[in-house]
Amino acid sequence: MNTNKIKSNKELTVYLSKDRINTRIKEIASELSENFSNDNPVIIGVLNGSFIFLADLVRLFNFDCDIDFVKANSYVGKESSGKVKLDKDVSIDIKNRRVILIEDIIDSGLTIEFLYEHILSLSPVDITIVALLSKKNNYKFNFNIDITGFEIGSDFVVGYGLDLNNKYRNLDSIYGLKEKN
Ligand code: IMP
Ligand code: MG
């Protein structure tokens, strides 16, 4: 959906267009296709935000994979609560499998750090982290984000899976949000 039909007291401005997103997703898919051609990895999407990114990305892979999801939560409204909890764990046995962890956005890094440690404890061969967006100024940890779609500033963005209180996820581009005067 585009923004024409949205009833909201917020002003939405295009931050990353669907064309820019699609171009970058093709690049990410070819990079992963080179690295995982014979490895049958497990793709683990972080719900809810990654569902559209994951759906677009995995359909461009030219390798076999299994797909599962985890759900973690640290956000209330526009603020991180500072604590992460696991609402849904993986259901596939990932021991001795290669894992690709797909996240929508990394802000403080709390969520991805928690999930990385958790998935590591399940003894995969390795974990490749792919994030569509990252707010690089906001986080610091001692492992790599292997692939980032776009590095952005500290602005709060919605669309293409990303929400504000579960709204705006079905927009096909990524938008910045401002209160309307
Ligand atoms: P972190 O734990 O602070 O890195 O936050 C990560 C989670 O917060 C993401 O998975 C998103 O669900 C949410 N989040 C962070 N920044 C934004 C944003 O700008 N828009 C929408 N959701 C966000
Ligand atoms: Mg999320």
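These figures come from a predicted structure and were not determined experimentally. Whatever order the structure lists them in is the order used to number ligands and atoms, beginning at 1.
- The shell of residues lying under 4.0 angstrom from ligand 1, judged by heavy atoms, excludes G49.
- Looking at N40 and D64, their side chains never bring a donor and an acceptor atom within 3.5 Å of each other.
- Residue-ligand proximity, L162 to ligand 1, at heavy-atom distances under 4.0 Å covers atoms 21 (C), 22 (N).
- For ligand 1, the atoms sitting less than 4.0 Å from at least one non-hydrogen atom of G109 are 1 (P), 3 (O), 4 (O), numbered in the order shown with element in parentheses.
- Atoms of ligand 1 found under 4.0 Å from any heavy atom of L110, numbered from 1 in the order shown, are 2 (O), 4 (O).
- Within the structure, side-chain hydrogen bond (donor to acceptor under 3.5 Å, both in side chains) contacts touching residues 114-124 (residues at least two apart or in different chains) are D89-H118.
- Residue contacts with ligand 1: V158 is excluded, as none of its non-hydrogen atoms falls under 4.0 Å.
- Screening residues 52-63 for side-chain hydrogen bond (donor to acceptor under 3.5 Å, both in side chains) gives S33-N62, D56-R59, D56-Y160 as the qualifying pairs, with residues at least two apart or on separate chains.
- Between the side chains of N137 and S154, no donor-acceptor pair of N or O atoms lies under 3.5 Å.
- Interface atoms of ligand 1 facing T111, defined by a heavy-atom separation under 4.0 Å, are 1 (P), 2 (O), 5 (O), 6 (C).
- Few gaps surround NZ on K71; more than 12 heavy atoms of other groups in view lie less than 6.0 Å from it.
- Note that CG of L132 is 6.0 Å distant from CD1 of I25, once rounded to the nearest 0.5 Å.
- Distances below 4.0 Å separate heavy atoms of K135 from the following atoms of ligand 1: 16 (N), 17 (C), 18 (C), 19 (O).
- Residue V157 has at least one N or O atom closer than 3.5 Å to an N or O atom of ligand 1.
- In this structure, the side chain of K135 engages the main chain of D155 through a donor-acceptor pair within 3.5 Å.
- Close contacts between ligand 1 and E103 involve ligand atoms 10 (O) [criterion: under 4.0 Å to a heavy atom].
- Residue I105 places a heavy atom under 4.0 Å from ligand 1.
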